[in-house]
Amino acid sequence: MPAKSLEQVRNLCMRRGFVFPGSAAYGGVASFWDYGPLGVELLNNVKKAWWQDAVYARDDMDGLDAAVLMSRKVWQHSGHEATFSDPMVDCKKCRSRFRADDLVGAWVSSVRDEDMLTSETWSKHFKAHERVCQAMPEPARSQGVAVMREILAAHEAWWPLGKLFLKFDASGDESAKREMVADSDTVKANQRLKAATDAHHKFITENAVAFTAASFTACEVTCPKCGSNEFTEPRQFNLMFQSHVGPVSAAAGTDEEAAARVYLRPETAQGIFMNFAHVQRSLARKVPFGIAQIGKAFRNEITPGNFIFRTREFEQMEIEFFIKPPQFVAEGEKNDEQWHEEWVQQRYRWWLRYATPPSAGNEDMERIAARFRKRAQAADELAHYAKATTDIEYLFPGALGWGEIEGVANRTDFDLSAHSKDVPEEDLKRLKLEANKDSNEKFDYFDPDAKARYIPWVIEPSAGATRAVLTFLCEAYHEELVKEPTKQEIDQIKSDAAMIRKNAEKKIKDARKDIEAGKEPKHQPDKVEAFLNQLDDVVSRLPASLDEVLLALDHEGAQNLEPVKKFRPPTEKFIEECTRTVLRLHPALAPIKLAVFPLKKNKPEIVELAKSIKQKFQKHFRTVYDDSAGIGRLYRRQDEIGTPFCITVDFESLEDGTVTVRERDSMAQERVAIDELHDYLLPRLEL
RNA sequence: GCGGGUGUAGCUCAGUGGUAGAGCAUCACGUUGCCAACGUGAUGGUCGUGGGUUCGAGUCCCAUCACCCGCUCCA
């Protein structure tokens, strides 16, 4: 069973030294995390695997490591200073600050299905939407007005039926209600209203930005704190962290301060663009070629969260791949769209390759592949620099769901043009750029094949190293049953469950009595009932459902039930004994490649031999020695952190020079001569 | 941002105003011949933080911080 929640993965990370909360001694700082001894190995291995694939395995790629801090002009001309931001508004009355799109989103969805049955709320809400549309620019204006008028008219036509529904509901006249539902006019009215609401939803989604702005100009949004409808203009809150170069004492906003201001890079890409000409000239590269870079990036996110998925400091693995502009592409050469597609495929394959352990069978591979997908971004999602972007997404456990782990963008010649002087007028117009009067350079390239000078286009595969760590951890996490419980043990759980049911049923009765008497009940009958149903279901499927028992006991309705509290600790212990947690990491990613144990730690010859084997391998890859527990526990410990191989030295080893090699996923053991260990392990570790 | 929840030993948690606890983990000694063994002993906590009520607060009240769940949103 793979991870069911991020919580499980988070626990393991903090317990075993992958990731710790940052500045914990001072209460922590939201969204900053430190990588522990195992985390740093995993992160390094991820980066190594990426570098291997992006740089070493290709003929057309080189590496780079640019400075984190760059001239402020870089960010002005890249467009980040102006547009890399979220719209914020302040309430003029109570001075609270909100995200503009949040406020409007809440207002738009404030009408619920049941409001259909109250004519006033419905028409008031959508008349307000119509006024917002009136404030929008054409052609959205007339389109929106039509959509809003239709939803009002459709409701007007439907409303007499709504009243009848209410009447039948009140009288309990089910047969009259059924008759009415089947009536063709009713069907038509229902369909019309459904179509109108769908059209409304579609319009709002497609015109989200314009609708948000218009909502404020039309004064239709109210402050959740004080109810006022007067807000400042929506303005952009910049996501870039600021600092200063050199000692600056001037106040924020002054010329002196602005002159010394720098930003912590929000993406590593601009460092590559700055070095396009350096790399091309120094290595005499010909287009198409690419530059890869791994490095930290910083974004002052408004809502970070979900463990290390969205943090304000994170690490990127980015490629800028420079290609011919479409007009110079010769017969038989790939154009920008084909290069884009090729990179999407290559990167997708990389994700699958490292998400799949060698032990995976066909079924496992299908399951893994189903958790990765490619998704083309819609036009209104695209960043300011992109012609098209395809995201690679992973289905994270629990509430997080599908999350972006990489974006492959077609950035055209936007960035290199933005940083170039003397860009022709028509190109500036096409790219919606101002002429760059600050730059000393033109990032163009003479193409000997095309016999032309041009500014190359760019395909950008940009992956999150931090998100990759989380992705591979989630995918690798498994809890599996390794010991079949006996019938007696199962019966024990069943009888415990029966006891819980008996007690809970009494509590339900008591609670119902309390409610009737108008008193505050100690338990919520519905929730306890739901808990019992879940418990029954799980218990009836034992022993296969053993791992679900604790989950059931965590149910909301199980809270404050005495027998549950009593039952939980022994059950937890028992279940832990029957299951093992194993990280089925690809061996190339595993933080520790090999663990060596003595079968008996009070036999010096065995200990010595084990330590010497550890010493032999630690030069080649991360190897540990451990003798602090029984052999079974030592195996489990290594399983939990994904160590692919364990070696056990025993008495036989002293005589014939062989050891037991135990593989993580299958738990299979094999006898291997110490002299042959190196040749045995190396191909299996896929280093 | 809104709503709900949690915060007590390294970890998982119990503790309904009166002497801070259990299991696991860790360390020591003994035992232990391959999948979470056992015995004995020891270490470890100003109960997230700051205020308040009280003779007395882990427990009640207020504030604050962090995290989790849901909604919203987002490379």
Side-chain angles (χ1 to χ4, degrees), chain A residues 5-7 10-12 14-17 21-24 26-31 84 86 88 96-109 208 224-225 239 266-267 269 297 299 301-307 309-310 314 316 318 377 381-383 385-386 389 391-393 398-400 403-409 460 462-464 467 482-483 550 554 556 559-560 565-566 568-570 572-581 597-603 606 628-640 646-652 659-660 662 667-669 671:
Chain A
S5 68
L6 264 190
E7 195 57 22
R10 222 175 80 101
N11 273 345
L12 176 69
M14 301 215 272
R15 201 156 34 85
R16 297 305 310 271
S23 314
Y26 291 101
V29 186
S31 148
F84 201 70
D86 286 329
M88 306 293 287
S96 314
R97 176 167 297 173
F98 305 96
R99 270 187 71 156
D101 42 355
D102 276 3
L103 280 187
V104 173
W107 172 61
V108 164
S109 52
K225 285 233 171 88
L239 292 176
E267 61 169 15
R299 294 182 190 180
E301 301 279 358
I302 291 171
T303 46
N306 283 319
F307 192 33
F309 181 75
R310 173 171 287 108
F314 60 107
Q316 292 187 306
E318 289 198 303
Q377 282 194 6
E381 280 180 88
L382 291 175
Y385 46 70
T389 297
D391 289 340
I392 297 174
E393 299 183 327
L400 186 47
E404 182 190 338
I405 50 179
E406 172 154 5
V408 184
E460 178 198 77
S462 167
R467 285 183 182 182
V482 284
K483 201 162 85 187
L550 291 178
D554 286 336
E556 213 181 344
Q559 276 168 16
N560 295 321
K565 283 185 197 168
K566 222 182 276 171
R568 212 194 135 90
E572 195 169 16
K573 201 181 161 207
F574 170 66
I575 290 173
E576 258 176 47
E577 272 169 25
C578 292
T579 48
R580 71 160 181 162
T581 304
F597 312 135
L599 186 61
K600 239 174 118 67
K601 72 169 162 181
N602 51 9
K603 188 85 183 165
I606 293 184
S628 64
I631 193 74
R633 174 162 309 193
L634 293 177
Y635 285 145
R636 296 294 167 89
R637 271 189 202 155
Q638 296 302 324
D639 286 344
E640 204 178 33
C646 297
I647 285 178
T648 302
V649 177
D650 56 17
F651 289 94
E652 235 177 295
V659 291
T660 304
R662 183 255 195 194
M667 299 194 282
Q669 302 190 353
R671 206 67 196 176

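Keep in mind that this is a model prediction, so the values were computed, not measured.
The nearest heavy atom of RNA chain B to N306(A) and to S462(A) marks one nucleotide each, and the one closer to the 5' end goes with N306(A). With the nearest nucleotide of RNA chain B identified for both D391(A) and S31(A), S31(A) has the one nearer the 5' end.
Taking atom P in both C35(B) and U49(B), one finds a spacing of 45 Å when rounded to whole Å. Using P as the reference atom, C55(B) and A9(B) are 30 Å apart when rounded to the nearest Å. Taking the P atom of each, U53(B) and G41(B) are spaced 46 Å apart, rounded to whole Å. The gap from the C1' atom of U19(B) to that of C47(B) amounts to 15 Å, rounded to the nearest Å. On the P atoms, G7(B) is 13 Å away from U16(B), given to the nearest whole Å. Atom name P, nucleotides G15(B) and G52(B): the rounded distance is 28 Å, in whole Å. Taking atom P on both nucleotides, G5(B) is separated from U43(B) by 39 Å, rounded to a whole Å. A22(B) and C62(B) have their C1' atoms separated by 33 Å, given to the nearest Å.
Rounded to an integer number of Å, the gap from E7(A) CD to U12(B) C1' is 12 Å. For the pair F307(A) CZ and C67(B) C1', the computed distance is 12 Å after rounding to whole Å. In this structure, CZ of R10(A) is placed 8 Å from P of C67(B), rounded to the nearest angstrom. Atom pair L400(A):CG and G70(B):C1' shows a separation of 14 Å (rounding to whole Å applied).
Within the nucleic acid shown, F309(A) has no heavy atom closer than 4.0 Å to any nucleic acid atom. At a threshold of 4.0 angstrom between heavy atoms, the contacts of Q377(A) are confined to the sugar-phosphate backbone, with no base atom among them.
Across F651(A) and I606(A), no two heavy atoms sit closer than the pair N-CD1, 3.9 Å.
Side-chain contact of R662(A) with T648(A): a donor-acceptor pair under 3.5 Å is absent, judged by distance alone.
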Show the distances under 3.5 angstrom between N or O atoms of the protein and N or O atoms of nucleotides 31-36 of chain B.
unit_1	atom_1	unit_2	atom_2	d
U32(B)	O4	N602(A)	ND2	3.3
G33(B)	OP2	K600(A)	NZ	3.2
C34(B)	O2	Y635(A)	OH	2.7
C34(B)	O2	Q669(A)	NE2	3.0
C34(B)	N3	T660(A)	OG1	3.2
C34(B)	N4	D650(A)	OD2	2.8
C34(B)	N4	T660(A)	OG1	2.5
C35(B)	O2'	R636(A)	NH2	3.2
C35(B)	O2	R662(A)	NH2	3.1
C35(B)	N3	R662(A)	NE	3.0
C35(B)	N3	R662(A)	NH2	3.3
C35(B)	N4	R662(A)	NE	3.3
C35(B)	N4	M667(A)	O	2.8
C35(B)	N4	Q669(A)	NE2	2.8
A36(B)	N7	E576(A)	O	3.3
A36(B)	N7	T579(A)	O	3.3
A36(B)	N7	R636(A)	NH1	3.4

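With sequence neighbours excluded, the residues satisfying salt bridge (charged side-chain N to carboxylate O under 4.0 Å, His left out) with E460(A) are R411(A). With sequence neighbours excluded, the residues that form a side-chain contact (heavy atoms from CB on, under 4.5 Å) with L400(A) are L6(A), N306(A), F309(A), F396(A). Applying the salt bridge (charged side-chain N to carboxylate O under 4.0 Å, His left out) test to E7(A) and every residue at least two apart in sequence or in another chain returns R10(A). Every side-chain contact (heavy atoms from CB on, under 4.5 Å) that E640(A) has, sequence neighbours left out, goes to L12(A), R15(A), R16(A), T581(A). The salt bridge (charged side-chain N to carboxylate O under 4.0 Å, His left out) search around R580(A) returns E480(A), D639(A), not counting sequence neighbours.
Ion pairing of D650(A) with K603(A) is absent here, as no side-chain N (NZ or NE/NH1/NH2) approaches a carboxylate O to less than 4.0 Å.
Using Watson-Crick or G-U wobble geometry with both donor-acceptor distances under 3.5 Å, G21(B) finds its partner in C13(B). Checking C29(B) for Watson-Crick or G-U wobble geometry (two distances, each under 3.5 Å) identifies G39(B) as its partner. Figure legend. U49(B) is base-paired to A63(B); pairs are counted as Watson-Crick or G-U wobble with both atom distances under 3.5 Å.
A close approach under 4.0 Å does occur between a side-chain nitrogen or oxygen of N11(A) and OP1 or OP2 of U12(B).
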